[in-house]
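A short worksheet on the structure shown next.
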Amino acid sequence: MKISSFFDNFLKKNTIFLNKEALQSSYLPDKVLYREEQIMEVANILAPSLRIEKPSNLFIFGKTGTGKTLTVKHLLTQLQQTAQKNNISLKTVYINCKLKRVADTEYRLIAQLIKEFNQHIPPTGLPTDEVYNIFYSLLDKKRQVVLLVLDEIDQLTKKIGDEILYNLTRINSELKNAQLCLIGISNRLVFSDNLDPRIKSSLSQEEIIFPPYNAFQIQTILKERAHHAFQPNTVKSGVIEKCAAYAAREHGDARRAIDILRIAGELADRSASPHIEIYHLDDAEKKIEHDRVINITIDQPKQFQSVLYSIILIAHQKEIFFTGEIYDLYKKICQKTKLSILTQRRVSDIIAELDMLGLINAKIISKGRYGRTREISLALTKDITIKLKEIMEKALSLA
DNA sequence: AGGTATTCACATGAAACTATTCTCTGAGTTAGG
DNA sequence: TAACTCAGAGAATAGTTTCATGTGAATACCTGT
């Protein structure tokens with residue numbers, strides 16, 4: 001078959017999508033369902049910014065996929081519009097602290113902030129306080145309120161401590177004209193517990209908790225999105241319900257539900273099926289997990305992959321195993337591949353990371369007289385494991 | 001038997017080091033006037 | 001003399017290493033009955 005005719009066919013083929021964007025995670029719907037209460041609360045807290053008064057700092061908690069980001073973004077745009085209409089100098093900045101190489105360190109966070117003010121900051125080479133100073137003067141240039149949203153703020157402090165937050169909360173006392181209001185968003189409810197008390201008190205002047213959606217709510221949300229995203233009558237009955245049930249099982253994560261629905265749509269589309277069937281959902285769920293695992297591992301350093309490879313090899317033979325066994329095998333693999341051998345200390349950390357990523361299950365146990373170690377088992381399905389093994393053999397250029 | 005002390009095999013923490021990537025600075029060099 | 005080049009100093013960062021300290025409970029080692 002000629003490739004050109006393939007593309008021709010591709011264009012002619014009718015798709016079940018009407019507007020796929022409605023299912024993308026970047027999509028901002030016109031209205032945020034079932035979050036009226038929270039929206040009002042946040043709106044009340046942030047409203048003073050329209051009068052160039054500093055609103056209270058705000059902290060938002062809630063599990064993934066409970067609409068935190070959506071709500072805040074929604075409100076920010078509304079605020080912006082109102083401000084613009086009435087000629088109020090209000091600036092809103094949204095920053096996701098989790099983004100690698102964008103805002104995951106103190107330096108980069110500030111650099112990113114400066115970028116929001118249309119100034120370029122080199123990625124390295126400048127001292128951090130220099131960057132702070134630029135930021136200060138930029139902020140203070142005119143009388144204004146700046147709303148700074150830090151999404152996934154827990155990721156930031158986990159990595160580099162809470163000093164930045166302290167600096168940011170302290171900024172206001174050094175500013176003459178401008179006012180900075182912080183809005184933190186965190187997935188973890190316990191986040192503020194292990195924060196410096198000073199920061200905690202100034203940051204959590206107001207706290208709002210976003211409860212998970214229930215199955216019914218997710219259903220409505222999905223229907224709404226599906227209505228925008230798909231051609232009419234392409235979603236078989238029961239699909240939305242099943243999808244919602246999936247997500248409700250996982251603490252009401254709407255984002256996940258939407259992802260599954262989108263992937264299911266893509267799968268149906270690709271197989272030229274005129275409808276989305278229930279089995280597409282199952283396939284989608286598998287594919288999501290599959291892609292996640294592959295994507296995580298593929299751009300990890302070689303050393304990381306070697307450790308994972310050792311684990312996979314051992315997992316072939318037994319269900320559960322320990323740090324020491326992995327390290328021994330890992331050493332052998334390193335010799336074979338001529339990689340330098342990392343210390344056990346480091347490998348221990350890598351294993352902890354693998355646990356965090358959900359690729360393995362690790363639990364610290366004490367075997368009494370025979371020491372203390374991690375009890376480890378692989379947390380992946382057979383076919384993913386096999387695929388992963390292939391990928392890593394290629395990456396490590398093993399036979 | 002019952003109680004205490006050891007001991008193993010790591011876990012966990014902190015600090016310091018290494019290599020890489022990047023900027024800025026200022027000395028030296030070049031080319032044009 | 002102005003413009004250019006280029007080495008060196010200083011930063012930020014990821015990934016490690018080094019050194020130090022922590023830890024839970026199965027065993028070893030008492031103790032007195």
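In this text the structure is predicted, and so the values were computed from the model without any measurement.
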### Query
Glu130(A) has an atom CD; how far is it from atom P of dA11(C), in whole Å?
11 Å
### Message
Quick check on dA14(C): is either OP1 or OP2 less than 4.0 Å from any side-chain nitrogen or oxygen of Arg108(A)?
### Response
yes
### Message
For Phe210(A) together with Phe61(A), are the ring centres under 6.0 Å from each other?
### Response
no
### Message
Please determine whether the number of non-hydrogen atoms from other residues, nucleotides or ligands lying under 6.0 Å from atom CD of Glu319(A) exceeds 12.
### Response
no
### Given dA14(C), dA11(B), dT23(C), the nucleotide with the shortest approach to the side chain of Arg374(A)
dA11(B)
### Message
What is the distance, to the nearest angstrom, from the CE atom on Met356(A) to the P atom on dT12(B)?
### Response
12 Å
### Message
What is the distance, to the nearest angstrom, from the CZ atom on Arg101(A) to the C1' atom on dT21(B)?
### Response
11 Å
#### Entry: Atom pair distance, as rounded to whole Å: CD1 in Ile351(A) and P in dT12(B)
11 Å
### Message
As a check on the pairing definition, encode DNA chain C in dot-bracket form, counting Watson-Crick and G-U wobble pairs whose two distances are under 3.5 Å, and using | for partners outside this strand.
### Response
|||||||||||||||||||||||||||||||..
### Query
Contact class for Lys100(A) (heavy atom, under 4.0 Å): base, sugar-phosphate, or nothing?
nothing
### Message
Within the 4.5 Å heavy-atom criterion, are His251(A) and Tyr213(A) side-chain neighbours or not?
### Response
no
### Query
Between dA11(B) and Ser348(A), is there an OP1 or OP2 to side-chain N/O distance shorter than 4.0 Å?
yes
### Message
Is there a side-chain contact between Lys159(A) and the phosphate of dT13(C), meaning an N or O under 4.0 Å from OP1 or OP2?
### Response
no
#### Entry: Atom pair distance, as rounded to whole Å: CZ in Phe322(A) and P in dC8(B)
18 Å
### Message
Regarding Tyr327(A) and Ser310(A), do their side chains bring together a donor and an acceptor under 3.5 Å, going by distance alone?
### Response
no
### Task
Nearest whole angstrom, please: distance from the P of dA11(C) to the CD of Glu106(A).
15 Å
### Task
Could you state the atom-to-atom distance from CD of Gln344(A) to P of dA11(B) in whole Å?
6 Å
#### Entry: Check: Phe322(A) main-chain N/O paired with Arg374(A) side-chain donor or acceptor under 3.5 Å
no
### Message
Contact list please: residues 330-343 of chain A against DNA chain C, heavy atoms, distance less than 4.0 Å, in numerical order.
### Response
Ile341(A), Leu342(A), Thr343(A)
### Query
Between Lys73(A) and Tyr94(A), is NZ or CZ placed under 6.0 angstrom from the six-membered ring centre and within 45° of the ring axis?
yes
#### Entry: Straight-line distance of Leu222(A) CG to Leu33(A) CG, nearest 0.5 Å
10.5 Å
### Message
Quick one, Phe117(A) with Leu139(A), criterion side-chain contact (heavy atoms from CB on, under 4.5 Å). Give me CA distance, side-chain angles, the key distance, then yes/no.
### Response
CA-CA 8 Å; Phe117(A) 286 87; Leu139(A) 253 185; 3.9 Å; yes
### Task
Taking all non-hydrogen atoms of both residues into account, name the closest pair between Tyr330(A) and Gln303(A) and its distance.
OH-OE1, 2.7 Å
### Message
Salt bridge or not between Lys332(A) and Asp328(A)? Use side-chain N to carboxylate O under 4.0 Å.
### Response
no
### Query
Any side-chain N or O of Arg346(A) under 4.0 Å from OP1/OP2 of dT12(B)?
no
### Query
Base, sugar-phosphate alone, or nothing: which one does Gln303(A) contact when heavy atoms must sit under 4.0 Å apart?
sugar-phosphate
### Asp151(A) and Lys98(A) ion-paired at < 4.0 Å
no
## Note on the structure
Residues of residues 121-128 of chain A with a heavy atom under 4.0 Å from any atom of DNA chain C, listed by number, are Thr124(A), Gly125(A), Leu126(A), Pro127(A), Thr128(A)
### Message
Under a 3.5 Å threshold, yes or no: a donor from one side chain and an acceptor from the other, between Gln80(A) and Thr92(A)?
### Response
yes
### Message
Between the base of dG24(C) and the side chain of Arg369(A), is there a donor and acceptor pair under 3.5 angstrom?
### Response
no
### Closest listed nucleotide, where the reference is the side chain of Arg345(A) and the choices are dA26(C), dG13(B), dC10(B)
dG13(B)
### Query
Is it true that the NZ or CZ of Lys318(A) lies under 6.0 Å from the centre of Phe321(A)'s six-membered ring and within 45 degrees of the ring axis?
no
### Message
How many whole angstroms separate atom CD1 of Ile365(A) from atom P of dA9(B)?
### Response
13 Å
### Task
Report yes if a side-chain nitrogen or oxygen of Ser366(A) is closer than 4.0 Å to either non-bridging phosphate oxygen (OP1 or OP2) of dC10(B); otherwise report no.
no
